[in-house]
Amino acid sequence: MGSDKVVASAAEAVADIGGGASLAVGGFGLCGVPAVLIGALYERGADRLRVVSNNCGLDGRGLGRLLAAGRIARAMGSYVGENKEFARQYLGGEIEVELMPQGTLAERLRAGGAGIPAFYTPAGVGTLVADGGLPWRYAPDGSVAVASPAKEVREFGGRSYVLEESITTDFALVRAAKGDRHGNLVFDKAARNFNPLCAMAGRVTIAEVEELVEPGDIDPDHVHLPGVFVQRVVPLTAEQAADKPIEKRIVREVRD
């Protein structure tokens with residue numbers, strides 16, 4: 001039996017996340033984003049954050065709130081996306097950004113959670129990902145102030161692979177459709193995305209859950225993420241659970 005990991009509020013759950021902390025944050029676009037925990041972190045005022053997430057949300061949504069407030073010093077991800085403020089800060093030299101192939105990001109997080117320090121992948125071989133030179137930070141005049149280093153490349157079975165190091169972070173923020181008091185989590189369809197991987201990579205993982213159930217209510221075969229990876233559980237209100245903005249709503253006429 002695990003201990004009761006439920007925390008009374010999001011504010012209490014993020015109270016020890018200080019300036020300069022590293023965070024793995026689940027979500028893809030606005031799907032599966034731990035918006036309530038991000039909001040609590042915004043209210044807390046923590047700055048100089050080092051964030052690992054597929055993208056930085058949208059302008060004013062998700063991680064976009066922290067970004068617009070100048071709270072993020074470094075971002076690791078695979079997609080700049082539709083966030084104009086993110087692009088502006090990156091090109092203006094206000095934030096350091098490490099971009100990588102999406103599958104590489106996923107595996108670096110998973111490997112970190114599994115205790116694997118590094119792995120070889122063919123993704124990025126023959127590009128700046130392996131050879132180095134990707135702009136991590138620009139200078140105000142537009143020149144490259146910090147560039148990515150070259151990585152080790154080895155051949156296996158006649159094919160070249162680049163060495164990628166795993167990722168672990170001080171904290172992880174994730175969102176689940178259902179969770180019990182021991183931290184066992186279930187995610188809903190596409191909202192599963194990067195959430196389990198981020199949860200594995202965080203030394204202290206905080207999960208906001210749309211529905212809190214008692215231990216034993218979730219069939220063990222239906223658990224997507226075991227509670228061993230989760231340290232704190234924050235149950236959402238019905239209103240918070242229902243707040244799921246759509247990134248792009250497209251409506252088209254259906255013709256016979």
Side-chain angles (χ1 to χ4, degrees), residues 20-29 48-58 62-64 66-67 70-172 193-203:
S22 60
L23 305 168
V25 183
F28 189 109
R48 295 174 288 109
L49 298 170
R50 293 169 291 137
V51 173
V52 184
S53 187
N54 178 66
N55 58 285
C56 259
L58 299 185
L63 286 171
L66 294 173
L67 187 76
R71 306 275 182 78
I72 299 177
R74 192 176 199 276
M76 297 174 68
S78 64
Y79 185 56
V80 174
E82 309 297 326
N83 194 323
K84 294 179 181 179
E85 176 62 14
F86 189 21
R88 187 198 66 77
Q89 289 190 25
Y90 174 45
L91 296 175
E94 298 175 23
I95 186 173
E96 186 167 302
V97 178
E98 181 179 349
L99 290 173
M100 67 197 78
Q102 198 164 78
T104 298
L105 173 63
E107 183 62 9
R108 288 181 72 181
L109 289 164
R110 190 202 68 82
I116 299 168
F119 58 91
Y120 286 96
T121 173
V125 170
T127 73
L128 295 179
V129 170
D131 299 341
L134 281 172
W136 278 1
R137 180 185 287 277
Y138 285 100
D141 64 2
S143 63
V144 177
V146 181
S148 66
K151 298 174 181 177
E152 178 186 335
V153 176
R154 283 185 60 182
E155 190 173 294
F156 297 91
R159 188 176 185 185
S160 295
Y161 295 80
V162 59
L163 183 68
E164 294 282 2
E165 295 185 10
S166 63
I167 296 172
T168 56
T169 56
D170 300 326
F171 296 88
N193 54 57
F194 278 88
N195 276 300
L197 304 171
C198 287
M200 292 174 67
R203 296 183 184 91

Does Ile167 form a side chain to side chain contact (heavy atoms under 4.5 Å, CB included) with Leu105? I'd like the steps, not just the answer. CA-CA 9 Å; Ile167 296 172; Leu105 173 63; 4.2 Å; yes
Taking all atoms of both residues into account, what is the closest heavy-atom pair of Ser78 and Pro101, and its distance? CB-C, 4.1 Å
When rounded to the nearest 0.5 angstrom, what distance separates CG in Asn54 from CG in Asn195? 11.0 Å
Report the C-alpha distance between Phe86 and Asn55 in whole Å, list the side-chain angles of each, state the deciding distance to 0.1 Å, and finish with yes or no for side chain to side chain contact (heavy atoms under 4.5 Å, CB included). CA-CA 9 Å; Phe86 189 21; Asn55 58 285; 6.0 Å; no
Please verify the inter-ring angle class for Phe28 with Phe194; under 30° counts as parallel, over 60° as perpendicular, anything in between as tilted. parallel
Please report the closest heavy-atom contact between Gly126 and Ala130, naming both atoms and the distance. N-CB, 4.4 Å
Verdict with reasoning, Ser166 to Ile116, per side chain to side chain contact (heavy atoms under 4.5 Å, CB included): CA-CA 7 Å; Ser166 63; Ile116 299 168; 5.6 Å; no
So, do Pro135 and Val144 sit near enough that their side-chain heavy atoms are less than 4.5 Å apart? yes
Taking all heavy atoms of Leu66 and all of Leu49, pick out the closest pair and write down the distance. CD1-CD1, 4.1 Å
Please report the shortest heavy-atom distance between Ala172 and Ala199, naming the atom on each side. CB-CA, 4.1 Å
Roughly how far, to the nearest 0.5 Å, is the CD atom of Glu85 from the CD1 atom of Ile95? 9.0 Å
Just by distance, do the side chain of Ser148 and the backbone of Leu134 share a donor-acceptor pair under 3.5 Å? yes
Working to the nearest 0.5 Å, report the span between CG of Leu163 and CZ of Phe119. 8.5 Å
Which value, rounded to the nearest 0.5 Å, describes the distance between Ile72 atom CD1 and Arg50 atom CZ? 12.5 Å
Pair Thr168, Arg203 - check side chain to side chain contact (heavy atoms under 4.5 Å, CB included), show working. CA-CA 7 Å; Thr168 56; Arg203 296 183 184 91; 3.2 Å; yes
Counting only N and O atoms by type, is there a donor-acceptor contact under 3.5 Å from the side chain of Ser22 to the main-chain atoms of Asp170? yes
With sequence neighbours left out, the residues meeting side chain to side chain contact (heavy atoms under 4.5 Å, CB included) with Leu91 are Tyr138
Inter-residue atom distance Glu107.CD - Tyr120.OH, 0.5 Å rounding: 14.5 Å
Salt bridge check, Lys151 against Glu165: does any charged N sit closer than 4.0 Å to a carboxylate O? no
If you define the side chain from C-beta out and look only at heavy atoms, does anything of Trp136 sit under 4.5 Å from Pro149? yes
Keeping the roles fixed (side chain from Gln89, backbone from Leu67), state whether a donor-acceptor pair exists under 3.5 Å. yes
If every non-hydrogen atom of Gly26 is compared with every non-hydrogen atom of Cys198, which pair is closest and at what distance? N-SG, 3.8 Å
For Thr169 and Leu23, indicate whether the former's side chain and the latter's backbone hold a donor-acceptor pair under 3.5 Å. no
For residues 154-163, which residue pairs qualify under salt bridge (charged side-chain N to carboxylate O under 4.0 Å, His left out), counting only residues two or more places apart or in two chains? none
Holding to salt bridge (Lys or Arg N to Asp or Glu O under 4.0 Å), I want the full list of residues that pass it with Glu98, two or more places apart in sequence or in another chain. Arg74, Arg108
